[in-house]
Amino acid sequence: MNNKNAVERIEYELTTFIRRAVYIDNSENKIGNLERASYLILRQLDEFGPARVKKLAESFKLDISTLSRQAGALEGKGLIERSSDPSDGRVSLFTITELGREKLKADKKMRLARYQNMLETWTNEEKELFGELLQRMNHAFFD
C-alpha cells in the first residue's frame, strides 16, 4: 500500500472510530455513568494530582470558560473540590474527592471491560503496538 493510501485509510478509520465512540457515549449503550468530559477531568486529576483550571484547560485544549463550567458541574456533584493554591492564594486548585475517585473507578472498570472485550482476539503484542501508535498519534496533534 502506498503512503497516500495508507494515510487515507488511517484518516478514514480514525474518523469512523471517533464517530462510533461518540455514538456509544450518547446511546443507551453508554459506558458508565460519567459523561466523557467528566471522566477525562477526573482521570487527569486522579493520575496527575491537583491542578489549576488553566492547566486543565491546556491539557484538553479547551478554553478556560469551558473547562470552568465542566469543573463547576463536577464540584457541584461533590466529585472534585476547589482549594487555594499554596503558591498563590489568588488561584484555585481542583482536587478529586473520594466520591470522585469511587465514581471514576466504577466507570473506568466498565470502560476497560468494554475495550477488553473488543480486543479479546488480539495478542498482547498487538495491543501494546496499538497503544503505542495511538499515543504517538495523540502527541502528533499538538507537536
Side-chain angles (χ1 to χ4, degrees), residues 1-85 88 90-143:
M1 177 177 281
N2 69 36
N3 191 38
K4 182 179 179 192
N5 289 338
V7 171
E8 285 180 9
R9 180 178 181 192
I10 290 167
E11 181 276 332
Y12 175 78
E13 293 299 337
L14 276 174
T15 303
T16 303
F17 178 79
I18 292 165
R19 176 63 196 111
R20 289 176 178 168
V22 169
Y23 168 77
I24 287 173
D25 267 1
N26 295 322
S27 75
E28 66 277 355
N29 297 320
K30 177 182 172 194
I31 305 168
N33 298 308
L34 295 170
E35 294 176 0
R36 184 177 53 250
S38 298
Y39 180 80
L40 288 170
I41 292 169
L42 293 174
R43 285 266 336 236
Q44 183 83 4
L45 293 173
D46 189 51
E47 189 167 336
F48 299 106
R52 295 177 174 193
V53 172
K54 183 177 180 181
K55 181 70 175 168
L56 286 171
E58 287 172 357
S59 69
F60 295 117
K61 306 301 183 215
L62 295 171
D63 60 84
I64 292 175
S65 64
T66 299
L67 199 289
S68 292
R69 279 192 306 277
Q70 292 172 349
L74 290 171
E75 187 178 18
K77 295 175 183 175
L79 303 179
I80 65 174
E81 60 189 8
R82 184 187 316 242
S83 61
S84 292
D85 186 336
D88 183 349
R90 300 168 294 170
V91 178
S92 294
L93 284 177
F94 286 107
T95 307
I96 189 170
T97 63
E98 282 307 311
L99 177 61
R101 272 196 184 85
E102 290 171 17
K103 300 272 187 191
L104 174 63
K105 183 178 178 181
D107 269 41
K108 186 176 177 183
K109 183 177 179 180
M110 287 184 264
R111 287 171 182 263
L112 291 175
R114 163 82 49 96
Y115 282 102
Q116 186 66 38
N117 186 48
M118 289 170 59
L119 302 171
E120 70 184 346
T121 62
W122 292 30
T123 66
N124 285 335
E125 293 79 19
E126 288 171 325
K127 290 182 239 183
E128 287 289 330
L129 178 60
F130 188 59
E132 288 173 27
L133 294 173
L134 281 174
Q135 184 178 38
R136 274 178 64 189
M137 186 72 168
N138 273 325
H139 290 308
F141 273 110
F142 299 106
D143 284 348

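All figures in this text were calculated on a predicted structure; none of them were measured in a lab.
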Q | For F130, all residues meeting side chain to side chain contact (heavy atoms under 4.5 Å, CB included), sequence neighbours excluded | A | W122, L134
Tell me which donor-acceptor pairs under 3.5 Å the side chains of residues 60-68 have, and how far apart each pair is, sequence neighbours excluded?
| from | atom 1 | to | atom 2 | distance (Å) |
| --- | --- | --- | --- | --- |
| K61 | NZ | E58 | O | 3.4 |
| D63 | OD1 | S65 | N | 3.2 |
| D63 | OD1 | S65 | OG | 2.4 |
| D63 | OD1 | T66 | N | 2.9 |
| D63 | OD1 | T66 | OG1 | 3.1 |
| D63 | OD2 | T66 | OG1 | 3.0 |
| T66 | OG1 | R69 | NH2 | 3.4 |
| S68 | OG | I64 | O | 2.9 |

Q: Scan residues 48-57 for pairs that pass salt bridge (charged side-chain N to carboxylate O under 4.0 Å, His left out), counting only residues two or more places apart or in two chains.
A: R52-D85
Q. Between CG of L112 and CG of D107, what distance do you get to the nearest 0.5 Å?
A. 10.5 Å
Q: Output all residues satisfying side-chain hydrogen bond (donor to acceptor under 3.5 Å, both in side chains) with R111, sequence neighbours left out; order by chain, then residue number.
A: none
Q: Any chance you could lay out the side-chain contact (heavy atoms from CB on, under 4.5 Å) test for L14 and M137, step after step, and finish with the verdict?
A: CA-CA 10 Å; L14 276 174; M137 186 72 168; 3.1 Å; yes
Side chains of residues 71-83: which donor-acceptor partners sit under 3.5 Å, not counting sequence neighbours?
| from | atom 1 | to | atom 2 | distance (Å) |
| --- | --- | --- | --- | --- |
| E75 | OE1 | R82 | NE | 3.3 |
| E75 | OE1 | R82 | NH2 | 2.8 |
| E75 | OE2 | R82 | NE | 3.4 |

Q. Which pair of non-hydrogen atoms, one from Q70 and one from A37, has the smallest distance, and what is that distance?
A. NE2-CB, 3.6 Å
Q) Excluding sequence neighbours, so at least two apart, what forms side chain to side chain contact (heavy atoms under 4.5 Å, CB included) with Y115? A) F17, M118
Q. For Y23, what residues pass the ring-ring contact (aromatic ring centres under 6.0 Å, His included) criterion, not counting sequence neighbours?
A. none
Q: Hey, could you give me each pair passing side chain to side chain donor-acceptor pair (under 3.5 Å) that has a residue in residues 91-102? Not counting sequence neighbours.
A: D46-R101, E98-R101
Q: Evaluate the side-chain proximity of Q44 to L56: yes if any heavy-atom separation is below 4.5 Å, no if none is.
A: yes
Q.
Does E35 have more than 12 heavy atoms from other residues, nucleotides or ligands lying within 6.0 Å of its CD?
A. no
Q. To the nearest 0.5 Å, how far apart are CG in L45 and OG in S59?
A. 8.5 Å
(Q) Counting only heavy atoms not in K105 (residues, nucleotides, ligands), do more than 12 fall under 6.0 Å from its NZ? (A) no
Q.
Restricting to non-hydrogen atoms, name the atom on L42 and the atom on G100 that form the minimum distance, rounded to 0.1 Å.
A. CD1-O, 4.2 Å
Q.
Holding to side chain to side chain contact (heavy atoms under 4.5 Å, CB included), I want the full list of residues that pass it with T16, two or more places apart in sequence or in another chain.
A. Y12, R20
Q. Could you give the distance from CG (N124) to CD (E126), rounded to the nearest 0.5 Å?
A. 9.5 Å
**Q.** With sequence neighbours excluded, residues passing side-chain hydrogen bond (donor to acceptor under 3.5 Å, both in side chains) with E11
**A.** T15
Q: Evaluate the side-chain contact (heavy atoms from CB on, under 4.5 Å) criterion for residues V22 and R19: first the C-alpha distance (whole Å), next the side-chain angles of each, then the deciding distance (0.1 Å), finally the verdict.
A: CA-CA 5 Å; V22 169; R19 176 63 196 111; 3.9 Å; yes
